[in-house]
Participant: 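Below you'll find the structure I mean.
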Amino acid sequence: MANQEIQSIIIAGGGTAGWMTAAALARVFGPRLSITVVESSEIGIVGVGEATIPAIALFNKLVKLDEDDFLRHTQGTFKLGIEFVDWHRKGQAYMHAFGALGRDLAYIPFHHYFLKEVGLRESELQQGSAGALWDYSLNLQAAKRARFSRLDHIADTPLAGLTWAFHFDAGLYAAYLSRLAQGMGVRRIDAKIVDVQLKPESGDVRALKLEDGRELAADFFIDCSGFRGLLIEQALKTGYEDWTHWLPCDRAQAVPTATTSPLLPYTRSTALEAGWQWRIPLQHRTGNGHVYSSAHITDERAREQLLANLDAPAIAEPRLIRFTTGRRKQLWNRNVVCMGLASGFLEPLESTSIHLIQVTIQRLILLFPHRGDCEERRREFNRASAAEYEYIRDFIILHYHANDRVGEPFWDACRNMAIPDSLRSRIELFRETAGIFCASEDLFQLSSWLQVLWGQGVQPRGTHPFVEAVKPSDRAGYLRDLRNLIADAAGKLPTQEEFIARHCAARRD
Ligand SMILES: Cc1cc2nc3c(=O)[nH]c(=O)nc-3n(C[C@H](O)[C@H](O)[C@H](O)COP(=O)(O)OP(=O)(O)OC[C@H]3O[C@@H](n4cnc5c(N)ncnc54)[C@H](O)[C@@H]3O)c2cc1C
């Protein structure tokens with residue numbers, strides 16, 4: 001593809017990945033780029049993927065999506081974090097709440113002051129005079145009260161307000177983006193791709209052959225064909241790095257249930273015998289699913305556990321999905337970039353797949369192969385994409401590895417497994433110093449790592465010595481004031497149900 005000007009793109013696949021990519025590229029490049037999406041309504045989409053993280057707001061802004069309109073059309077709700085039930089030990093729960101915890105003082109992250117106050121050896125859930133870590137999270141305090149508003153900051157204070165993401169119906173989201181993209185000139189073809197044709201001289205992809213005999217040629221291709229990886233794997237044989245030895249879950253069963261009240265503004269993840277169960281509340285239903293390791297539990301038993309742990313009647317039969325955790329060795333190979341499930345899979349414990357689509361799109365836009373030799377662009381694209389995947393992988397492994405569910409085979413295996421060096425040194429650094437240091441490609445930053453480390457029972461042995469410079473009575477007063485301001489602000493918010501009814505309720509036909 002050297003020195004060729006890119007004028008046409010074909011996106012193979014019209015799931016969340018395909019339509020997010022089409023909408024973003026159409027918005028950025030406009031009519032200069034001809035964009036075609038080929039999708040097969042006969043094959044359909046994976047249709048799960050209902051929880052997101054706050055960075056999705058950047059994507060919404062890029063494609064100029066009106067948040068209320070999008071929530072109305074996707075049965076969407078607000079998400080303030082993820083509650084982890086029984087992950088550290090049975091009977092304990094904590095939350096990975098989005099947004100800040102407390103407020104830093106003089107360059108030293110807030111949690112050092114908190115840890116000094118509670119005493120380093122106390123259990124994470126113990127309520128001493130400084131309360132629990134999450135008393136300093138407005139997101140958690142609002143989530144537990146089922147409250148929500150688009151609060152920018154706590155009135156009359158420098159404290160941040162709420163940080164939110166969304167839950168939505170994945171099928172409706174793809175349809176919404178499809179309308180948006182087609183409104184910007186993207187061409188849609190509903191047909192099955194039966195062959196990928198390569199240029200004999202370069203090995204680049206030349207054209208896609210459709211079932212009806214048509215051939216579609218383009219300068220550049222984006223593989224959004226899901227787990228199949230039609231172009232990136234089946235045609236280009238790029239290779240896959242398998243992470244099952246660190247993340248042994250390889251199956252999920254998903255089932256929707258009727259809505260319950262109050263409408264909780266957070267995802268719940270409950271650890272089970274050999275995996276975990278998600279609960280994602282939408283306006284019209286609740287999405288549930290059991291992610292598990294088939295080496296430790298049968299499909300039948302996993303199904304029984306899923307159904308036994310629902311909080312409302314199932315409204316469909318459970319659907320089985322198989323996957324292999326890992327990533328494609330290169331996300332950009334020859335004249336093909338892959339997105340979404342075609343690029344790899346990390347289980348949905350921290351709702352990161354849609355985010356990975358979003359950042360891969362952003363990276364493609366920044367390093368777009370308009371013309372010229374693309375070798376350096378491709379190298380940087382693959383380097384950054386790999387790093388991003390690996391940071392998220394480590395974060396997810398932490399949830400499994402730092403458990404205290406002794407005597408349960410699956411959890412014993414996770415606790416005793418060898419973990420990546422990058423994660424091992426991060427845990428050790430936290431143990432030694434309570435310090436958390438994040439690189440720019442690390443999606444999850446300090447407050448996320450802190451909550452999961454602390455929530456999973458990783459105890460630091462020391463805090464930053466600077467916290468000694470603050471008088472104990474001043475420190476206690478500072479913490480008390482923060483707690484009171486946050487609790488007071490959370491109590492004044494409307495319930496999520498009231499907020500949705502006022503701003504973004506879906507039509508009930
Ligand atoms: C159990 C589970 C739970 C998940 N939960 C979350 C979550 O909470 N949050 C999150 O961010 N992500 C989640 N994900 C991931 C999320 O579902 C995906 O990242 C997202 O849906 C993107 O999927 P996709 O578009 O890559 O693939 P798909 O939805 O599979 O779309 C593939 C597209 O390719 C087309 N196609 C395939 N073959 C052909 C062919 N031969 N010819 C023509 N078209 C073809 C299909 O028709 C379809 O349009 C979850 C995934 C799983 C498996």
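All ligand and atom numbering here is 1-based and tracks the order in the structure. Residue indices begin at 1 and follow the sequence shown.
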Participant: Students should be able to answer this: which protein heavy-atom is nearest to atom 15 (C) of ligand 1, and at what distance?
Facilitator: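 Protein heavy atom at minimum distance: Ser353 CB, 3.3 Å.
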
Participant: Is the shortest N/O to N/O distance between Ile321 and ligand 1 below 3.5 Å?
Facilitator: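 No; every N/O pair is 3.5 Å or more apart.
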
Participant: Using 30° and 60° as the class boundaries, would you call the ring planes of Trp164 and Phe148 parallel, tilted or perpendicular?
Facilitator: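 The arrangement is perpendicular - the two ring planes meet at more than 60°.
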
Participant: Quick one: does any side-chain atom of Trp19 pair with a main-chain N or O of Ala175 as donor and acceptor, under 3.5 Å?
Facilitator: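 It does not hold such a pair.
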
Participant: Identify, for atom 37 (C) of ligand 1, the protein heavy atom at the shortest distance, and state residue, atom and that distance.
Facilitator: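 Here the closest protein heavy atom is Ser225 O, 3.5 Å.
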
Participant: Looking only at distance, does Ile280 have an N or O less than 3.5 Å from an N or O of ligand 1?
Facilitator: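 Looking only at distances, the answer is no, because the N/O contact criterion of under 3.5 Å is not met.
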
Participant: Taking only heavy atoms of Glu50 into account, list the atoms of ligand 1 that are under 4.0 Å away from them.
Facilitator: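 Those atoms are 7 (C), 8 (O).
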
Participant: Going by the angle between their ring planes, with limits at 30° and 60°, are Tyr292 and His290 parallel, tilted or perpendicular?
Facilitator: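 The rings of Tyr292 and His290 sit tilted, inter-plane angle from 30° to 60°.
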
Participant: With side chains defined as the heavy atoms from C-beta onward, is the minimum distance between Leu62 and Val28 less than 4.5 Å?
Facilitator: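 Yes, their side chains come closer than 4.5 Å.
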
Participant: Could you establish whether Gly289 and ligand 1 come within less than 4.0 Å of each other, counting only heavy atoms on the residue side?
Facilitator: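 So Gly289 does not count as touching ligand 1.
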
Participant: For atom 30 (O) of ligand 1, which of the options Val46, Val194, Leu320 provides the nearest non-hydrogen atom?
Facilitator: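 The residue whose heavy atom sits nearest atom 30 (O) of ligand 1 is Val46.
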
Participant: Return the residue, atom name and 0.1 Å-rounded distance of the protein heavy atom closest to atom 44 (N) of ligand 1.
Facilitator: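 So the nearest neighbour among protein heavy atoms is Ser40 N, 3.4 Å.
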
Participant: Judging by distance only, is a nitrogen or oxygen of Gly47 under 3.5 angstrom from one on ligand 1?
Facilitator: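 It does not: no N or O of Gly47 is found under 3.5 Å from an N or O of ligand 1.
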
Participant: To which protein heavy atom is atom 25 (O) of ligand 1 closest, and what is the distance rounded to 0.1 Å?
Facilitator: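 Looking at atom 25 (O) of ligand 1, the protein heavy atom closest to it is Ala17 N, 3.0 Å.
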
Participant: What atoms of ligand 1 come within less than 4.0 Å of a heavy atom belonging to Gly340?
Facilitator: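 This gives 26 (O) as the contact atoms.
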
Participant: Distance to 0.1 Å, residue and atom name: give those for the protein heavy atom nearest to atom 41 (N) of ligand 1.
Facilitator: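 Closest protein heavy atom to atom 41 (N) of ligand 1: Ile193 O, 3.1 Å.
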
Participant: Taking the minimum heavy-atom distance to atom 48 (C) of ligand 1, which of Gly44, Gly226, Gly18 ranks first?
Facilitator: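 Closest candidate by heavy-atom distance is Gly44.
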
Participant: Name the closest protein heavy atom to atom 49 (O) of ligand 1, giving the residue it belongs to and the distance to 0.1 Å.
Facilitator: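 I find the closest protein heavy atom is Gly14 N, 2.8 Å.
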
Participant: Can you confirm, on distance only, whether ligand 1 has an N/O atom lying under 3.5 Å from any N/O atom belonging to Ile43?
Facilitator: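 By distance alone, the answer is no.
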
Participant: What do you reckon, does His355 have a nitrogen or oxygen under 3.5 Å from a nitrogen or oxygen of ligand 1?
Facilitator: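 No - when backbone and side-chain N and O of His355 are compared with those of ligand 1, no distance drops under 3.5 Å.
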
Participant: Tell me whether the rings of Phe395 and His399 are parallel (<30°), tilted (30 to 60°) or perpendicular (>60°).
Facilitator: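 The rings of Phe395 and His399 stand perpendicular, inter-plane angle above 60°.
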
Participant: Has the side chain of Gln330 got a donor or acceptor atom that lies under 3.5 Å from a matching backbone atom of Asn382?
Facilitator: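 No, Gln330 side chain to Asn382 backbone: no donor-acceptor pair under 3.5 Å.
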
Participant: Measuring from the heavy atoms of Trp19, does anything fall under 4.0 Å of ligand 1?
Facilitator: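 Checking ligand 1 against Trp19, which is what was asked, there is no heavy-atom contact under 4.0 Å.
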
Participant: With a 4.5 Å limit on heavy-atom distance, are the side chains of Val452 and Tyr94 in contact?
Facilitator: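 Counting from C-beta outward, Val452 and Tyr94 do come under 4.5 Å.
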
Participant: Just say parallel, tilted or perpendicular for the rings of Trp276 and Trp278, cut-offs at 30° and 60°.
Facilitator: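 Aromatic pair Trp276/Trp278 classed tilted.
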
Participant: Do you know which two heavy atoms are closest between Trp246 and Met417, and how far apart they sit?
Facilitator: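 Shortest heavy-atom contact: O-CE, 3.3 Å.
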
Participant: Is the closest heavy atom of Ala12 to ligand 1 under 4.0 Å?
Facilitator: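 Contact absent.
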
Participant: May I ask you to decide if the ring planes of Phe381 and Trp332 are parallel, tilted or perpendicular, using 30° and 60° as cut-offs?
Facilitator: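 Answer is perpendicular, since the angle exceeds 60°.
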
Participant: Would you call Ala170 a ligand 1 contact, heavy-atom distance under 4.0 Å?
Facilitator: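 Judged by the 4.0 Å heavy-atom criterion, Ala170 does not count as contacting ligand 1.
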
Participant: Should the pair Phe368 and Phe220 be assigned to parallel (<30°), tilted (30 to 60°) or perpendicular (>60°) ring geometry?
Facilitator: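 Tilted.
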
Participant: Backbone or side chain, does any N or O of Val48 fall under 3.5 Å from an N or O of ligand 1?
Facilitator: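 Among all N and O atoms of Val48, at least one is under 3.5 Å from an N or O of ligand 1.
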
Participant: Could you identify the single nearest non-hydrogen protein atom to atom 13 (C) of ligand 1 and state the distance to 0.1 Å?
Facilitator: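 Protein heavy atom with the smallest distance to atom 13 (C) of ligand 1: Gly49 CA, 3.2 Å.
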
Participant: One residue to check: Ala252. Relative to ligand 1, which of side chain, backbone, both or neither has a non-hydrogen atom less than 4.0 Å away?
Facilitator: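 Side chain only.
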
Participant: May I ask you to list the atoms of ligand 1 that are less than 4.0 angstrom from any heavy atom of Cys224?
Facilitator: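 Per the distance check, 32 (C), 33 (C), 34 (O).
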
Participant: With under 30° as parallel and over 60° as perpendicular, where do the rings of Phe166 and Phe78 fit, or are they tilted in between?
Facilitator: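 The arrangement is tilted - the two ring planes meet at 30° to 60°.
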
Participant: Give the atoms of ligand 1, by number and element, whose distance to some non-hydrogen atom of Leu230 is under 4.0 Å.
Facilitator: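 Contacts of ligand 1 toward Leu230, numbered from 1: 38 (N), 39 (C), 40 (C), 41 (N).
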
Participant: I'd like to check which ligand 1 atoms, numbered from 1 as shown, lie under 4.0 Å from a non-hydrogen atom of Ile45.
Facilitator: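 Taking each heavy atom of Ile45 in turn, ligand 1 has 29 (O), 48 (C), 49 (O) under 4.0 Å.
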
Participant: For Ile232, is there any backbone N or O sitting under 3.5 Å from a side-chain donor or acceptor partner on Thr238?
Facilitator: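 Here the side-chain-to-backbone pair exists.
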
Participant: Using a heavy-atom cut-off of under 4.0 Å, does the side chain or the backbone of Phe323 touch ligand 1, or both, or neither?
Facilitator: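 Phe323 to ligand 1: no contact under 4.0 Å from either part.
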
Participant: To the nearest 0.1 Å, how far is atom 3 (C) of ligand 1 from its closest protein heavy atom, and which atom is that?
Facilitator: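 Of the protein heavy atoms, Pro348 CG, 3.4 Å lies nearest.
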
Participant: For Trp278, take its heavy atoms, then give the atoms of ligand 1 lying under 4.0 Å from any of them.
Facilitator: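 Going through ligand 1 atom by atom, the ones under 4.0 Å from Trp278 are 1 (C), 3 (C).
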
Participant: Considering only heavy atoms from C-beta outward, does the side chain of Arg334 approach that of Val205 to under 4.5 Å?
Facilitator: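 Counting from C-beta outward, Arg334 and Val205 never come under 4.5 Å.
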
Participant: I need the minimum non-hydrogen distance between Tyr266 and Gly81, along with the two atoms involved.
Facilitator: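 Reported closest heavy-atom pair: CB-O, 3.3 Å.
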
Participant: Enter the distance from Leu80:CG to Gln141:CD here, rounded to the nearest 0.5 Å.
Facilitator: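 Result: 11.5 Å between the selected atoms.
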
Participant: With a 4.5 Å heavy-atom cut-off, do Leu210 and Ile193 have their side chains touching?
Facilitator: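 Yes, at least one pair of side-chain atoms sits under 4.5 Å.
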
Participant: Only heavy atoms of Ala51, strictly under 4.0 Å: list the atoms of ligand 1 that pass.
Facilitator: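 Under 4.0 Å from Ala51, ligand 1 has these atoms: 7 (C), 8 (O), 9 (N), 10 (C), 11 (O).
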
Participant: Taking atom 43 (C) of ligand 1 as the point of reference, which of Gly229, Ala191, Gly13 owns the nearest heavy atom?
Facilitator: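 Checking each option, the heavy atom nearest atom 43 (C) of ligand 1 is found in Ala191.
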
Participant: Out of all atoms in ligand 1, which are within 4.0 Å of some heavy atom of Phe345? Include the element for each.
Facilitator: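 Selected atoms, number and element: 51 (C), 52 (C), 53 (C).
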
Participant: Over all heavy atoms of both residues, which pair between Val255 and Ala316 is shortest? Give the atoms and the distance, please.
Facilitator: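 Closest heavy-atom pair between Val255 and Ala316: CG2-O, 3.2 Å.
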
